[in-house]
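Here the structure is laid out as structure tokens; the discussion comes afterwards.
Letters A, B, ... are given to chains in the order of the sequence lines, protein chains preceding strands, and every chain is numbered from 1.
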Amino acid sequence: MESQDILSLCRRRGFLWPAYDIYGGLAGFYDYGPLGASLKHNIETQWRKLYVFEEGMQELVCPLIAPEPVFKASGHLDAFADMYVECRGCGESNRADHLAEGLAENPAALSEEELGRVLEEHGVKCPVCGGDITAPRRFNLMFKTTVGAGSSKSGYMRPETAQGMFVNFSQIYRHGREKLPVGAVQLGRAFRNEISPRQGLVRLREFHQMEAEIFFHPERKTWPRYNAVKDRTLPLVPDGGVAAELSLSDAVSSKTIANEALAYFMWLTHRFALDVGLDPKRLRLRQHERNEMAHYALDCWDLEAETTYGWIELVGIADRGCYDVQAHLKHSGADLTAFERFDEPKEVVREAVTPKFDVMGKLFKGDTKALAGKLSEMMPDAVRGRDEVVVEVDEKKFASPSSCYDIVTSTEKVSGEKFVPHVIEPSYGVDRILYAVLEHAYHEEDDYVTLSLKSSVAPIKVGVFPLMAKDGLEVTAKELSESLSSDGIHAHYDESGSIGRRYARMDEVGTPCCVTVDYQTIEDGTVTVRNRDTKEQVRIGKDEVVPTVRGIVEGGNIEA
RNA sequence: GCGGCUGUAGUCUAGCGGUUAGGACUGAAGCUUCCCAAGCUUUAAGCCCGGGUUCGAAUCCCGGCAGCCGCACCA
């Protein structure tokens with residue numbers, strides 16, 4: 001099997017194809033056809049089932065376009081761009097900061113101008129051919145646009161759905177009844193202007209994500225259901241260690257995985273992968289190497305699947321610390337903190353220098369306000385026991401006698417403290433998952449292709465055929481198809497071509513079972529139900545078709 | 001972005017400067033009591049795009065676009 005076989009099947013059968021094909025196409029953009037759209041929808045439904053229904057996270061739908069300050073804060077505007085120099089001789093392009101390695105303290109942090117100066121001063125040449133290089137050019141991976149007419153604002157297509165959730169922390173926290181941990185999720189499109197999109201669905205410029213942002217108290221990174229699964233094992237490939245099946249609790253206690261919450265969402269991710277039909281033998285959770293990890297991440301693991309492209313990343317699960325929320329707090333000025341109530345309110349005794357305005361007013365007239373302000377900022381110990389205090393305002397010195405102020409002791413009740421939450425982020429690439437699902441389901445034997453899709457994600461749940469489109473068989477078959485459809489089961493009626501060809505068509509698009517009306521149906525009211533993977537058939541009564549098929553679809557197995 | 005290879009119906013492919021671009025599969029309509037891509041009839045559908053060379057270009061040359069592989073990139 002080659003990736004071309006999958007992509008060829010996808011095109012032939014209406015899963016997906018390169019977008020804008022009649023205009024020559026556009027690299028990094030794909031259309032989903034009827035079956036692909038349905039498969040994608042089913043994968044997303046399966047994900048919602050876990051994250052929204054089972055884990056109780058809040059789903060948000062945020063805009064695809066965001067104003068510039070959002071990405072200034074998130075760091076995408078500066079860090080999501082790389083600087084390149086090109087060789088005037090051989091045309092080779094190189095990362096400018098890589099060439100300046102060792103020539104400046106932190107080349108990656110320099111501006112284009114600064115970096116250009118460093119390269120010039122040291123006479124850096126092309127590492128390939130030794131030719132002269134151009135000045136550094138910045139290439140930002142975000143699509144830029146403008147919002148509104150005239151002197152419009154800059155906006156960017158979001159490069160991840162995550163920022164929409166970070167900026168909404170206060171809403172999420174409030175709707176979660178002000179408790180931590182609390183999770184939000186978002187499914188939707190994201191955009192990255194990749195330098196060179198490759199490998200079909202693996203690197204797109206417009207793609208689909210399913211992301212969860214789960215907010216924690218920094219010292220309590222666990223999850224309610226952790227205990228229920230802590231003895232389950234995961235295929236782990238730790239950074240610098242050896243691949244091993246480890247239980248969650250062993251991985252956490254040996255510090256292989258940073259905390260229980262991260263371990264839990266790694267487990268949930270692995271479970272999701274199995275739910276959508278990925279092959280457990282071709283899955284692993286690989287820890288990022290130190291230099292691979294974003295600077296703010298505390299720990300990061302990828303769920304990887306083995307495909308004809310090699311091991312590809314399907315999901316990234318990162319402990320991002322407080323980085324994102326902190327950044328938005330700082331840039332927006334909004335109070336993006338959580339509040340934790342102490343078990344017992346604490347009494348805090350505070351002393352403060354308190355100006356006496358009536359005395360001061362008589363002495364200092366118009367300077368009173370400024371003077372009093374200075375006084376109240378002073379530490380009580382700095383004035384205690386003195387007869388007078390010299391205070392400077394606008395380069396003028398004032399001697400304030402002790403009658404101008406008191407040292408007042410007050411008792412404050414503090415019932416808790418504010419803190420910036422930490423975030424654990426499982427980030428799923430829908431298109432890659434969909435591709436991996438297709439590859440893992442693909443089986444070919446003597447040129448006969450079967451997609452063994454899980455019935456939960458299969459675009460068509462059941463094929464319904466008359467053996468021949470006559471003698472009333474087609475009437476009965478259409479009735480059956482309609483009763484399945486009205487029960488919410490996606491049925492596909494087909495009467496064209498030979499029966500074998502119709503089975504083959506359904507096998508190739510992963511339909512788990514087929515119901516056929518034949519001549520025996522006229523005699524005894526029974527039909528056949530065929531299993532995609534075993535090709536075996538059983539006869540059941542017409543009336544049993546709907547419940548039987550529903551059982552196959554919901555049960556996940558396709559035993560007729 | 002760079003280099004190498006490639007581009008003919010939905011898919012796979014023949015073609016190598018000279019008729020109306022050929023085939024297979026698939027698709028559509030139909031015939032055949034037809035349960036695993038059967039057979040028969042009918043039918044639809046193609047030279048990636050744009051220049052150039054030539055009497056004549058799918059074929060040779062240039063540019064663009066797209067795909068594959070390698071380099072780089074993937075916060």
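Between U11(B) and Arg11(A), a contact under 4.0 Å exists linking OP1 or OP2 to a side-chain N or O. Side-chain N/O atoms of Ser498(A) include one lying less than 4.0 angstrom from OP1 or OP2 on A38(B).
Distance check on atom P: A72(B) versus A9(B) gives 35 Å, rounded to whole Å. With P as the reference atom, A14(B) and G52(B) are 30 Å apart, rounded to whole Å. Taking atom P on both nucleotides, C40(B) is separated from U54(B) by 50 Å, rounded to a whole Å.
Rounded to an integer number of Å, the gap from CE of Met142(A) to P of C73(B) is 20 Å.
When both pairing distances are held under 3.5 Å, G22(B) makes a Watson-Crick or G-U pair with U13(B).
You'll find the ring centres of Tyr503(A) and Phe465(A) inside the 6.0 Å limit.
Residue-level contact check: Arg502(A) touches neither bases nor backbone, having no heavy atom under 4.0 Å from any strand.
Atom NZ of Lys535(A) has more than 12 heavy atoms from other residues, nucleotides or ligands within 6.0 Å. Within a 6.0 Å radius of NE2 in His443(A), other residues, nucleotides and ligands contribute more than 12 heavy atoms.
With centres under 5.5 Å and a plane angle under 30°, the ring of Tyr519(A) is stacked against the base of U33(B).
Phe216(A) and Phe265(A) have perpendicular rings, their planes meeting at more than 60° on a 0 to 90° scale where under 30° would count as parallel.
For Glu206(A), the side-chain contact (heavy atoms from CB on, under 4.5 Å) partners at least two apart in sequence or on another chain are Phe29(A), Arg189(A), Phe191(A).
In this model, no side-chain donor or acceptor of Arg198(A) finds a partner on the base of C68(B) within 3.5 Å. You won't find any donor-acceptor pair under 3.5 Å spanning the side chain of Tyr448(A) and the base of C36(B), going by distance alone.
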Please list each protein N or O that sits under 3.5 Å from an N or O in nucleotides 23-28 of chain B, with the distance.
{"residue": "U26(B)", "atom": "OP1", "partner": "Arg501(A)", "partner atom": "NH2", "Å": "3.3"}
{"residue": "G27(B)", "atom": "OP1", "partner": "Arg505(A)", "partner atom": "NH1", "Å": "2.2"}
{"residue": "G27(B)", "atom": "OP2", "partner": "Arg501(A)", "partner atom": "NH1", "Å": "3.3"}

